Amino acid sequence: MSKNTPQAIRGTQDIFGPDAEAFAFVVETFERVRRLYRFRRVEMPVFEKTEVFARSIGETTDIVSKEMYSFEDRGGESLTLRPEFTAGIARAYLTNGWQQHAPVKLATHGPLFRYERPQKGRYRQFHQIDAEIIGAAEPQADVELLAMADQVIRELGITGVTLHLNTLGDADSREAWRAALVEHFRAVKGELSEESQERLEKNPLRILDSKDRRDRQFVADAPVIDQFLSDEARSFFDAVTSGLDAAGVKWKRAESLVRGLDYYRHTAFEFIPDEGSEAAGKLGSQSTILGGGRYDGLMESLGGAPTPAVGWAAGIERLAMLVGASDTVLSDRLTYVVTTEHEGLEPIAWRLASLLRQAGSATDVILTGSVKKRFKKANSLEADAILVVRPDSDKQSADALIDFKVSDEEQRVDLEMEFEDIASRFSEVEFAEEYHGFDAKLTFLQ
RNA sequence: GCGAUCGUAGCUCAGUUGGUUAGAGCGCCGGUUUGUGGUACCGGAGGUCGGGGGUUCGAGACCCCUCGAUCGCCCCA
């Protein structure tokens with residue numbers, strides 16, 4: 001690499017090869033499942049006015065206070081590259097009058113931006129799949145949303161991952177719980193980790209999932225949300241859990257699971273790899289692959305009418321890391337390779353490749369470089385069959401000799417039938433079996 | 001923002017306590033052999049050793065700065 005070549009921006013990635021295939025597999029699977037659940041596709045801008053995120057996510061959160069890619073445009077307005085989907089979707093819902101469609105199920109995916117130190121499973125430009133149900137207050141919406149998440153993960157073939165579920169109660173429950181936690185931890189402030197002492201002021205709920213040993217003992221006997229749950233909040237959570245059971249979604253109660261963003265109420269959840277599982281190993285210290293919850297208060301923070309909503313987002317890169325191994329799903333079959341060892345016959349080879357592709361067969365072409373090495377190169381592509389175009393001494397035209405690269409006779413017959421069918425669709429070629437040791441021959445008609 | 005490890009050909013890496021023209025494998029390009037073929041052999045191209053500064057007679061190796069990568073903390077997907 002020349003020193004004149006600009007480098008990619010830190011924390012961005014150029015994805016290629018198996019990683020790119022895994023990435024595409026995640027997106028394709030999500031798109032398929034989202035249709036099964038009748039979620040409607042939406043596209044949103046990648047940037048918004050800064051206030052869209054600042055007002056909805058919470059000024060004190062790390063995302064807003066130090067991780068946003070914000071800049072002034074030429075008109076002097078502060079804009080921000082989206083750090084998440086939900087705020088932008090909420091804004092779109094309000095500004096486009098999507099209330100008329102409520103309740104709506106929406107799905108999207110694309111890049112997000114957060115100015116963080118990159119590490120395994122974490123990038124400055126990363127990608128998520130996202131699903132939201134807006135305008136539905138009933139717990140069945142939470143259940144449907146989670147059932148969809150569960151199915152996406154299952155259809156990706158990911159195992160060793162469990163849904164961790166909690167409730168944060170309604171606004172009053174959450175406030176009362178928060179106050180009790182602050183009181184509880186303030187009493188032992190001096191013995192908490194430095195980080196948790198800070199969290200006490202900024203975001204006391206987060207002390208609950210601190211990894212620090214010093215905090216653990218106090219977390220163990222900290223007040224639990226259940227003590228502060230209103231009857232309504234409790235029955236809402238009960239309805240969610242029994243709905244999940246009915247839908248066959250496995251879950252696990254996680255009393256100390258809190259989500260970082262201010263707008264969450266009631267249901268909060270994360271899909272997390274089981275400790276010691278293969279999935280956990282692949283993800284490094286980034287444990288959450290999918291997270292979300294109910295955000296009934298969000299619309300109001302953007303000046304809209306109170307609107308109930310639930311949603312989740314999952315990191316495509318993190319999901320892709322977990323499906324990476326099962327490459328059987330990922331590798332596209334290369335059916336044919338076309339080549340010729342005779343200068344001048346390249347146009348016919350190109351024509352043949354064109355026919356095969358029009359017939360819907362994946363076809364590669366080797367027509368450059370040393371004539372003598374083309375067959376070798378074609379061989380190394382591991383296609384099902386190699387077609388070598390060579391002159392026909394009798395008719396002064398050309399033939400394509402076909403070498404089926406298959407392991408058994410049954411496969412060979414299948415491929416031959418498939419090829420014969422393709423050939424029959426085009427009037428300019430004629431298929432014939434067995435020719436001088438090759439599996440078949442294709443004659444170009446004049 | 002903090003910490004640790006690392007940065008030599010397109011890729012994976014070797015380069016001994018600092019010592020002459022910086023190496024290997026794979027890949028790429030070409031040739032020979034084989035001769036309808038997934039072989040073997042030969043040759044070639046490609047590196048101002050991430051960048052800058054310093055120590056030294058001499059630095060890919062040592063020191064400082066910087067950029068980047070990886071992993072962890074924080075936080076999150």
Side-chain angles (χ1 to χ4, degrees), chain A residues 1-13 16-17 26 57-58 60-68 82-86 109-131 149 153 161 193-196 198-199 202-203 206-207 209-212 257-261 269-273 283-292 311-322 337 339-342 368-383 386-388 390 399 401-403 405 435-439 441:
Chain A
M1 176 179 58
S2 160
K3 64 181 173 182
N4 288 322
T5 305
Q7 289 178 311
I9 304 300
R10 168 170 230 180
T12 64
Q13 19 167 18
F16 176 78
V26 171
I57 297 171
T60 61
T61 60
D62 278 20
I63 290 180
V64 172
S65 63
K66 57 185 194 191
E67 294 175 2
M68 293 206 300
R82 43 141 95 139
E84 60 145 43
F85 279 116
T86 309
H109 64 82
L112 291 311
F113 305 85
R114 252 121 92 161
Y115 193 91
E116 292 185 276
R117 191 74 176 266
Q119 65 188 70
K120 186 170 193 164
R122 190 167 71 197
Y123 308 94
R124 287 185 172 178
Q125 177 179 333
F126 60 106
H127 303 79
Q128 290 184 342
I129 52 179
D130 181 280
I153 288 170
V161 169
S193 66
E194 297 75 20
E195 278 137 5
S196 283
E198 257 186 61
R199 283 192 273 238
K202 281 167 50 186
N203 197 346
R206 294 232 69 103
I207 298 176
D209 54 13
S210 168
K211 293 171 189 165
D212 199 299
L257 187 153
V258 295
R259 307 234 70 230
L261 282 21
F269 53 85
E270 293 178 358
F271 281 79
I272 303 174
L283 283 170
S285 68
Q286 259 54 246
S287 53
T288 305
I289 61 172
L290 182 153
W312 56 253
I316 297 177
E317 288 89 347
R318 291 186 188 176
L319 291 170
M321 283 191 272
L322 300 186
V337 185
T339 189
T340 182
E341 295 177 300
H342 295 266
T368 57
S370 165
V371 167
K372 290 184 158 187
K373 294 199 169 166
R374 287 180 188 173
F375 190 90
K376 186 178 284 188
K377 279 195 231 171
N379 234 333
S380 68
L381 290 178
E382 293 180 337
I386 299 176
L387 282 66
V388 191
R390 49 155 44 215
D399 288 325
L401 300 182
I402 305 165
D403 192 10
K405 295 290 181 183
Y435 180 80
H436 286 269
F438 276 91
D439 292 312
K441 183 179 82 161

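Because only heavy atoms are used, hydrogens play no part in the values below, and waters and symmetry mates are left out as well, while side chains stay in. Naming: A, B, ... by sequence-line order, numbering from 1 per chain. Bear in mind the structure is a predicted one, so any value in this text is a computation, not a measurement.
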By the 4.0 Å heavy-atom rule, please label [X] as base, sugar-phosphate, or nothing.
X         : answer
Arg374(A) : nothing
Ser380(A) : nothing
Arg117(A) : base
Phe271(A) : nothing
Lys372(A) : sugar-phosphate
Glu116(A) : base
Glu341(A) : base
Arg114(A) : base
Leu290(A) : sugar-phosphate
Gly11(A)  : sugar-phosphate
Gly284(A) : sugar-phosphate

Requested in this report: Identify, between Thr12(A) and Gly291(A), the residue whose nearest nucleotide on RNA chain B lies closer to the 5' end.
Outcome: Thr12(A)
Query raised in the report: Start at the 5' end of RNA chain B and walk down; is the nucleotide closest to Val388(A) or to Tyr123(A) reached first?
Result: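 Nearest nucleotide further toward 5': that of Val388(A).
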Roughly, in whole Å, what's the span from [atom1] in [X] to [atom2] in [N]?
X         : N      : atom1 : atom2 : answer
Phe375(A) : G37(B) : CZ    : P     : 7 Å
Asp403(A) : G37(B) : CG    : C1'   : 9 Å
Asn379(A) : U34(B) : CG    : C1'   : 14 Å
Leu283(A) : G72(B) : CG    : P     : 10 Å

Query raised in the report: Ignoring hydrogens and angles, does a donor from either the side chain of Lys120(A) or the base of G72(B) sit under 3.5 Å from an acceptor on the other?
Result: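 Answer is no: no donor-acceptor pair is held.
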Query raised in the report: What about Arg122(A), does its side chain sit under 3.5 Å from the base of C75(B) through a donor-acceptor pair?
Result: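 Check passes, donor-acceptor contact within cut-off.
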Between [X] and [N], is there a contact of a side-chain N or O with OP1 or OP2 at under 4.0 Å?
X         : N      : answer
Ser370(A) : C29(B) : no
Arg199(A) : C75(B) : yes
Ser285(A) : C71(B) : no
Gln119(A) : U70(B) : no

Among the nucleotides [options], which one has an atom lying closest to any side-chain atom of [X]?
X         : options                : result
Phe126(A) : A77(B), C76(B), C73(B) : A77(B)
Tyr115(A) : G30(B), A40(B), G1(B)  : G1(B)
Lys377(A) : G31(B), U39(B), C29(B) : C29(B)
Arg318(A) : C76(B), C74(B), U36(B) : C76(B)

Query raised in the report: side-chain contact (heavy atoms from CB on, under 4.5 Å) between Phe85(A) and Leu112(A): does it pass, once the steps are laid out?
Result: CA-CA 8 Å; Phe85(A) 279 116; Leu112(A) 291 311; 3.5 Å; yes
**Report entry** SB check Arg259(A) Glu270(A) (cutoff 4.0 Å)
**Finding:** yes
Query - Nearest-0.5 Å distance, NZ of residue Lys373(A) to OG of residue Ser380(A) - result: 12.0 Å
Query raised in the report: When rounded to the nearest Å, what value does the distance between P atoms of G27(B) and U20(B) take?
Result: 31 Å
**Report entry** Pairwise P distance, C42(B) and G47(B) [rounded to whole Å]
**Finding:** 24 Å
Requested in this report: Find out whether Glu116(A) and Asp62(A) are in side-chain contact, i.e. whether some heavy atom of one side chain is under 4.5 Å from a heavy atom of the other.
Outcome: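 Glu116(A) does not reach Asp62(A) side chain to side chain.
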Query raised in the report: Looking at side-chain heavy atoms only, is the closest gap between Arg124(A) and Glu67(A) below 4.5 Å?
Result: no
Report summary line: Stems with RNA chain B, 3 or more Watson-Crick or G-U pairs in a row (under 3.5 Å), are B:1-7 with B:67-73, B:10-13 with B:23-26, B:28-32 with B:40-44, B:50-54 with B:62-66
